There are 2 protein chains.
Amino acid sequence: MPATIRDVARESGVHISTVSRTFSAPHLVNPDTRTRVLACAEQLGYRPNRAARALITGRTFNVGLIVADIANPFFPPLIKAAESQARQRDYHIFVADSNEDAAVEEDLVRALAKQVDGILLCSPRMSNSLIELLSRDVPLVVVNRQITGLPTVVMDVAQGAGLAIDHLSGLGHRRIGLVAGPRGSWTSKEIRRSAALAARAGGAELTVFGPNPPTEHGGAAVAEQVLRSGVSAVLAYNDLMAIGLIEGLHAQGARVPADISVVGIDDIALSRLIHPKLTTVATPAAAAGRAAVDMLLAHGDDRRTTAHASLQTELVIRDSTGPGPDPHSHADPGNAAAAAPEAVASYAKE
Amino acid sequence: MPATIRDVARESGVHISTVSRTFSAPHLVNPDTRTRVLACAEQLGYRPNRAARALITGRTFNVGLIVADIANPFFPPLIKAAESQARQRDYHIFVADSNEDAAVEEDLVRALAKQVDGILLCSPRMSNSLIELLSRDVPLVVVNRQITGLPTVVMDVAQGAGLAIDHLSGLGHRRIGLVAGPRGSWTSKEIRRSAALAARAGGAELTVFGPNPPTEHGGAAVAEQVLRSGVSAVLAYNDLMAIGLIEGLHAQGARVPADISVVGIDDIALSRLIHPKLTTVATPAAAAGRAAVDMLLAHGDDRRTTAHASLQTELVIRDSTGPGPDPHSHADPGNAAAAAPEAVASYAKE
DNA sequence: CTGAAAGCGCTAACAT
DNA sequence: ATGTTAGCGCTTTCAG
């Protein structure tokens, strides 16, 4: 139905290659011809078929961005930042949602592969080996997962989890819970590893709950179990779970932070709108989105080098954390972290 | 780099058309050959190039979905529903964000056009005429806007706004504010029209503030102006603005609903997490997403007929609305609406 | 059941 | 400056 390059050629009495040039290299065509061709094109409503063009040039000027769950408020800032960064270079971003499902994720990579010049894989749920396999079909940048050999952007959640646990043990909490994220999440493993270390260092005992779906519902679902376990403070895999957990805790009659302290991770907008305002580890989602796009599009310059970016996190102390049950240590050494300056991106080329 | 159909053909000693058949019509090829071809393909890591295939078949099995702002929590449920509906039919959804910008929106339609079989335009900011123009290049389904001649699915916000204003005037409010949405929003116009009608019917005076960006920030920004105007109740274009407005109002020292009542539209998850819990008009976003996908993919069956779906809305009364300043009318006839049953989708083929 | 040939809409040398 | 010729990777008649 839509006009093709041949229609325009016929109508304007030139060869199709001239029409092609009019659109992809206007300076190579006589101004008069150009005007005529353009007029015909306009009149026929002709637009170059980008898919056909891509087939031969090998470039689509699109980039894919796959997220685990588009309903998680963590992602929109990342997506927005990636979009504006991409737009500056005349690229478009196509977003797809894997629904926390590794199989869907793989399927989406395959579907996107030839429609884009590369894919940003955010918080992937696939195995490392599958990701490496797919990376042979389409340039990939992995966000929120460390994979050697592939360009990656990660938030330093290990550092953030450490900050959070330090804050808690500093408040006198000796029995701390960790509400884990989904299976397959690199971030969740990192948090767990680092939290265990920090807990030991702070003389606290760490109890892990999970894995769980990384949603409000997932958080609410473990509330009872958390309460029964007797921990006096909890670090959750993300803010959504922390918020769900608080709801669940309230539903069980527990008060936050009087009875139990809760810390989240991400610092989504919502975390300062709920009551009590959530203490949380802020992750630089927008910076990650920008960095990921940069890496993908820089790929032309220096092949053979895989970039890694690790972005600093920051503890934001609000109202969901308070003194632990132990009356002997009410001091709060956690505010040192809170006073940290703007998060800094540490870029390292290898 | 990736293997092509020719590589597989050479490797397995058959013609490329046989390889093609092995993937697109397996039953037409001898089981033995098929196995051999499949083995070679596997071994070479061959995947049919979907873009090349689409060039000739005219079908991509992808559908585009453009939203005005992916950070608006109204959209994720719509997107998720569209995705699961599409996946059931082996289609993939590519989401793009127009950033509330008509020019970006147009650009995105053009970029997506040949990579998808059709586009869902959600809350478009473009003009009707431009949308009609674009619809000649790619099948379009318009969500949250009425355009005759194109398939559309709308939420009946007029009805919802009426419910909200009735609720407010029933509570005794005589001076009601309307915080409008962005310019170019059909929904905003509908709300405005219907609210004016309902206000007149309820003997209330309606003051319109705006247009405004449909964000939390946009809501907060008009708080002072709203307060100065002396209205005792406000209906906001959406929940995000209502929430921002409440924040702004609190910042100015006003209490909600004691000093001023606020009603939102959408019933996003957030609206029951904030304090006070938001009274709002629930819109069936998920149903809209499903209906839109159905319309787009049904397009094969009956051409020449344009479908329209209008989805019912429902008033959800929570804690952000209370009696008006007039002591003579504290009765609350608004709960009739609150008792309404599940929202019902009314489908009408024209 | 398989091969040969044509061509989707476009770009990219190469001529002229 | 413009036309000619190939051909991107694939599907689809049409023969055989």
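Letters go in sequence order (proteins before strands), and every chain restarts at 1. In this text, all values refer to a predicted model and were calculated from it rather than measured experimentally. Values below: every heavy atom of this structure, side chains too, minus hydrogens, waters and symmetry copies.
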Is there any ring-ring contact (aromatic ring centres under 6.0 Å, His included) pair reaching into residues 59-86 of chain B, and which pairs are they, with sequence neighbours excluded?
B:Phe61-B:Tyr91

Show the atom names and distances, to 0.1 Å, of all donor-acceptor pairs under 3.5 Å that link a side chain in residues 135-144 of chain B to residues at least two apart or in another chain.
unit_1   : atom_1 : unit_2   : atom_2 : d
B:Ser135 : OG     : B:Glu132 : O      : 2.7
B:Asn144 : ND2    : B:Ser123 : OG     : 3.1

A:Thr18 side chain: which of D:dG3, C:dG9, D:dC10 is closest?
D:dG3

Taken to the nearest whole Å, CZ/A:Arg10 to C1'/D:dG3 is 17 Å

Using a 4.0 Å heavy-atom cut-off across all strands, classify A:Val14 as base, sugar-phosphate, or nothing.
sugar-phosphate

Quick one: side chains of residues 19-32 of chain B, donor-acceptor pairs under 3.5 Å with protein atoms, not counting sequence neighbours, listed by atom name and distance.
unit_1  : atom_1 : unit_2  : atom_2 : d
B:Thr22 : OG1    : B:Thr18 : O      : 2.7
B:Ser24 : OG     : B:Ser20 : O      : 2.8
B:Asn30 : OD1    : B:Asp32 : N      : 2.7

Within residues 107-117 of chain A, find the residues that approach DNA chain D with a heavy atom at under 4.0 Å, and present them sorted by residue number.
none

Atom CD1 of A:Ile16 and atom C1' of D:dT5 are separated, to the nearest Å, by 10 Å

Residues 104-120 of chain A vs salt bridge (Lys or Arg N to Asp or Glu O under 4.0 Å), sequence neighbours excluded, gives A:Glu106-A:Arg110

Answer yes or no: is there a donor N or O on one side and an acceptor on the other, between the side chain of A:Asp7 and the main chain of A:Thr4, under 3.5 Å?
yes

Going by the rule salt bridge (Lys or Arg N to Asp or Glu O under 4.0 Å), which residues pair with A:Arg145 if we only count those two or more places apart in sequence or in a different chain?
none

Separation between CG of B:Leu55 and OG1 of B:Thr60, rounded to the nearest 0.5 Å
12.0 Å

Protein-nucleotide distance (A:Arg59, atom CZ; C:dA12, atom P), rounded to Å
11 Å

Say you pick atom P in C:dA6 and the same atom in D:dT5; how far apart are they, in whole Å?
15 Å

Where the side chain of B:Ile56 is defined as all heavy atoms beyond and including C-beta, which of C:dT2, C:dT11, C:dG7 is the nearest nucleotide?
C:dG7

Find the distance between CD1 (A:Ile70) and CD1 (B:Ile79) and round it off to the nearest 0.5 Å.
4.0 Å

Base, sugar-phosphate, or nothing for B:Ser20, non-hydrogen atoms under 4.0 angstrom?
base

Side-chain donor-acceptor pairs under 3.5 Å in residues 44-51 of chain A, sequence neighbours left out?
unit_1  : atom_1 : unit_2  : atom_2 : d
A:Asn49 : OD1    : A:Ala51 : N      : 2.8
A:Asn49 : OD1    : A:Ala52 : N      : 3.1

Once you round it to whole Å, what is the distance between C1' of D:dG9 and CZ of A:Arg53?
18 Å

Give DNA chain C the dot-bracket treatment, 5' to 3': Watson-Crick (N1-N3 with N6-O4 or O6-N4) or G-U (N1-O2, O6-N3) under 3.5 Å, [ ] crossing, | other strand.
|||||||||||.||||

Who pairs with A:Lys189 by salt bridge (Lys or Arg N to Asp or Glu O under 4.0 Å), at least two apart in sequence or on another chain?
none

If you assign A:Arg6 and A:His15 each to the DNA chain C nucleotide with the nearest heavy atom, which residue ends up on the more 5' nucleotide?
A:Arg6

Min side-chain heavy-atom separation B:Lys80-A:Asp97 under 4.5 Å:
yes

If you only use heavy atoms from C-beta on, which nucleotide in C:dG9, C:dA4, D:dT11 is closest to the side chain of B:Ser24?
D:dT11

With distance as the sole test, does A:Ser12 use its side chain to make a donor-acceptor pair with the main-chain N or O of A:Val37 at under 3.5 Å?
no

Contacts under 3.5 Å, N or O only, protein and nucleotides 13-16 of chain D:
none

The criterion is salt bridge (Lys or Arg N to Asp or Glu O under 4.0 Å); which residues satisfy it with A:Arg6, sequence neighbours excluded?
none

Note: contacts of residues 29-50 of chain A with DNA chain C (heavy atom, under 4.0 Å) are A:Tyr46, A:Arg47, A:Pro48, A:Asn49

Decide whether A:Gln85 and A:Asp294 meet the rule of one side-chain donor and one side-chain acceptor closer than 3.5 Å.
yes

Which nucleotide, C:dA4, C:dA12, D:dG9, lies nearest any side-chain atom of A:Leu55?
D:dG9

